[in-house]
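Here's the structure we're looking at; comments come further down.
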Amino acid sequence: MNGCENMLLCKSAKRVIWGWCLFVAILCLGGCGDRPSEHRSSLYVFGTLVEISAFTQEDSAFQAAVDELDREFQAMHREWHAWKGEGELVRLNRALARSEPFSVSQDMLDLLERGKRYTEQSEGLFNPAMGRLFGLWGFHQDELPEGAPPADSEIAEIVTAAPTMAELQIEGSIIRVDNPQVEIDLGAYAKGYALNRAVEHFRAAGFPHVIVNAGGDLCAAGRHGERPWRIGVRHPRGTGVIASLVLNGQECVLTSGNYERYLAHQGIRYSHILDPRTGYPVKQITSVTVIHRDGALADAAATALSVAGTAEWQRIARQMGVDQVMLVDETGQVLLTPAMQARIQIESEFRDKVVVKPLIQL
Ligand code: ADP
Ligand code: MG
């Protein structure tokens, strides 16, 4: 009897095992044989096309993660917009202008605290509290501004009032400010912050090999299979690339420049990056590219170094904790830190314009 029972048990166990083998075999026909490859998708947000590539096997799960990111990005765009709609930043600025306290979300708190830190490290050259000045120059609209620059007296009024992030009083989630000229504009680092979040989002969704590219500003993680991710850095004037580089794991590459947003008047191109000390657009620097693991910091530093100019950028870079920097100045000269030079391949036509500058200027 026992033997027979055992036989039956063996048979049914064997049947189960064979059943599983068949099931796995059918599944494998549908996908186990597929090797991971590059999958691409895109979405439109922050006024730009965001292209996402992942090195994976999971096409449909990847697309679902892209759709989820699209929803997150659209929400960030809505809540962090400096002048449009009724998002959190618009409501915060309205309260600050009336000297009223305002309770912010965790994300906004993080952005504001970072804004304070970057302002301090850059000695005020990075100043997201000067939204009023950016609006005065016509940069609070989707189209490129037209007409003459604002009157000197209007610019002077804001510069004299000296709104700065240092004036933000933060108590828990409550924000207060005594200077009603403070108006926050996250435009110089929100994109870098969002790109970081995108990479975190894909890693959490099971895609550790990803690159998220918003019009040349990007954050990446992992590798492209057997090889690392390789990217091109766009030339600040015209089309084409000025350099290319291989990415090492999680990294972001952020560029600030005056090639996309500017005010053109009587043959002069006024940059949308403004010097908080004078209230006028920066002139000397055409573009700054910064590589760092932290996208928000890289974005903020790229803006701050554009303001710092050829005389001060090395000191400000050191204070902000970035050491991989490329600057293109108005004469077309390409300034590199040694850490940037060690890893970037400048295109041959620009090689005679390269000057390597140590980060520490004595
Ligand atoms: P890009 O859009 O080319 O990446 P930035 O990251 O430098 O350029 O962001 C420029 C935007 O940042 C401007 O449109 C304005 O809203 C804001 N801004 C301009 N000057 C400053 C500054 N000195 N500090 C902080 N934000 C700035
Ligand atoms: Mg920036």
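Start at 1 and go down the list; that is how both ligands and their atoms are numbered.
Less than 4.0 angstrom separates some heavy atom of Asp299 from each of these atoms of ligand 1: 6 (O). Of all atoms in ligand 1, numbered sequentially from 1 with element shown, those under 4.0 Å from a heavy atom of Ser256 are 3 (O), 5 (P), 6 (O), 7 (O), 8 (O). Those atoms of ligand 1 that come under 4.0 Å of a heavy atom in Gly257, given as number and element, are 3 (O).
When non-hydrogen atoms are compared, ligand 1 lies under 4.0 Å from the side chain of Val307 (C-beta onward) but not from its backbone. Counting heavy atoms closer than 4.0 Å to ligand 1, residue Pro276 contributes side-chain atoms (C-beta onward) but none from N, CA, C or O. If you look at Leu254 next to ligand 1, there are no close heavy atoms at all, none under 4.0 Å.
Among all protein heavy atoms, the one lying closest to atom 20 (N) of ligand 1 is Leu274 N, 3.0 Å. Closest to atom 4 (O) of ligand 1, if we only count protein heavy atoms, is Thr255 O, 3.3 Å. In this structure, atom 16 (O) of ligand 1 lies nearest to the protein heavy atom Asp185 OD2, 3.1 Å. Among all non-hydrogen protein atoms, the one lying nearest atom 26 (N) of ligand 1 is Ala188 CB, 3.3 Å. In this structure, atom 24 (N) of ligand 1 lies nearest to the protein heavy atom Asn127 N, 2.8 Å. Protein heavy atom at the shortest distance from atom 13 (C) of ligand 1 is His272 O, 3.4 Å.
Within a radius of less than 2.8 Å around the Mg ion (ligand 2), the protein N, O or S atoms are Ala188 O, Asp299 O, Asp299 OD1, Thr303 OG1.
Side chains of Ile184 and Trp80 form no contact here, defined as non-hydrogen atoms less than 4.5 Å apart. Residues Val307 and Ile316 form no side-chain contact, since every pair of their non-hydrogen atoms from C-beta on lies 4.5 Å or further apart. Side-chain contact between Asp299 and Tyr193: absent, with no pair of heavy atoms (C-beta onward) separated by less than 4.5 Å. Contact check for Asp152 versus Tyr280: side-chain heavy atoms found under the 4.5 Å cut-off. Counting heavy atoms from C-beta on, the side chains of Arg117 and Leu297 never come closer than 4.5 Å.
Considering Asn127, Asp185, Ile155 as possible partners of Leu133, the one that fulfils the side chain to side chain contact (heavy atoms under 4.5 Å, CB included) test is Ile155.
Remark: ligand 1 and Thr303 share an N or O pair separated by less than 3.5 Å (distance only, no angle test). Annotation: Phe134 places no N or O atom under 3.5 Å from an N or O atom of ligand 1; distance criterion only. Looking at ligand 1, you won't find any N or O of Tyr189 less than 3.5 Å from one of its N or O atoms.
Ligand 1 has no atom lying under 4.0 Å from any heavy atom of Leu133. Ligand 1 is approached by Pro128 to a heavy-atom distance shorter than 4.0 Å. Contact analysis puts Leu125 in contact with ligand 1, with a non-hydrogen atom separation below 4.0 angstrom. Residue contacts with ligand 1 leave out Phe139, since none of its heavy atoms falls under 4.0 Å from the ligand. Within the structure, the closest approach of Arg261 to ligand 1 does not fall below 4.0 Å when heavy atoms are considered.
Between Arg71 and Asp67 there is no salt bridge, since no side-chain nitrogen of the basic residue lies less than 4.0 Å from a carboxylate oxygen of the acidic one. Remark: Glu79 engages Arg91 in a salt bridge, criterion side-chain N to carboxylate O under 4.0 Å. A salt bridge is absent between Arg234 and Asp217; no separation between the charged side-chain nitrogens and carboxylate oxygens falls under 4.0 Å.
By the 6.0 Å contact criterion, CD on Gln284 is enclosed, its count of non-hydrogen atoms from other residues, nucleotides or ligands being greater than 12. Arg40 CZ: 12 or fewer foreign heavy atoms inside a 6.0 Å radius.
When the ring-ring contact (aromatic ring centres under 6.0 Å, His included) test is applied to His209, no partner is found at least two apart in sequence or on another chain.
Connection of Leu136 to Phe134 is established within a shared hydrophobic cluster, with ILVMFWY side chains joined at heavy-atom distances below 4.5 Å, either directly or through further cluster members.
Checked against a 6.0 Å centroid threshold, the rings of Tyr262 and His272 do not count as neighbours. For Phe350 and His235, the ring centers sit closer than 6.0 Å to each other.
A side-chain donor-acceptor contact under 3.5 Å links Ser256 and Thr303.
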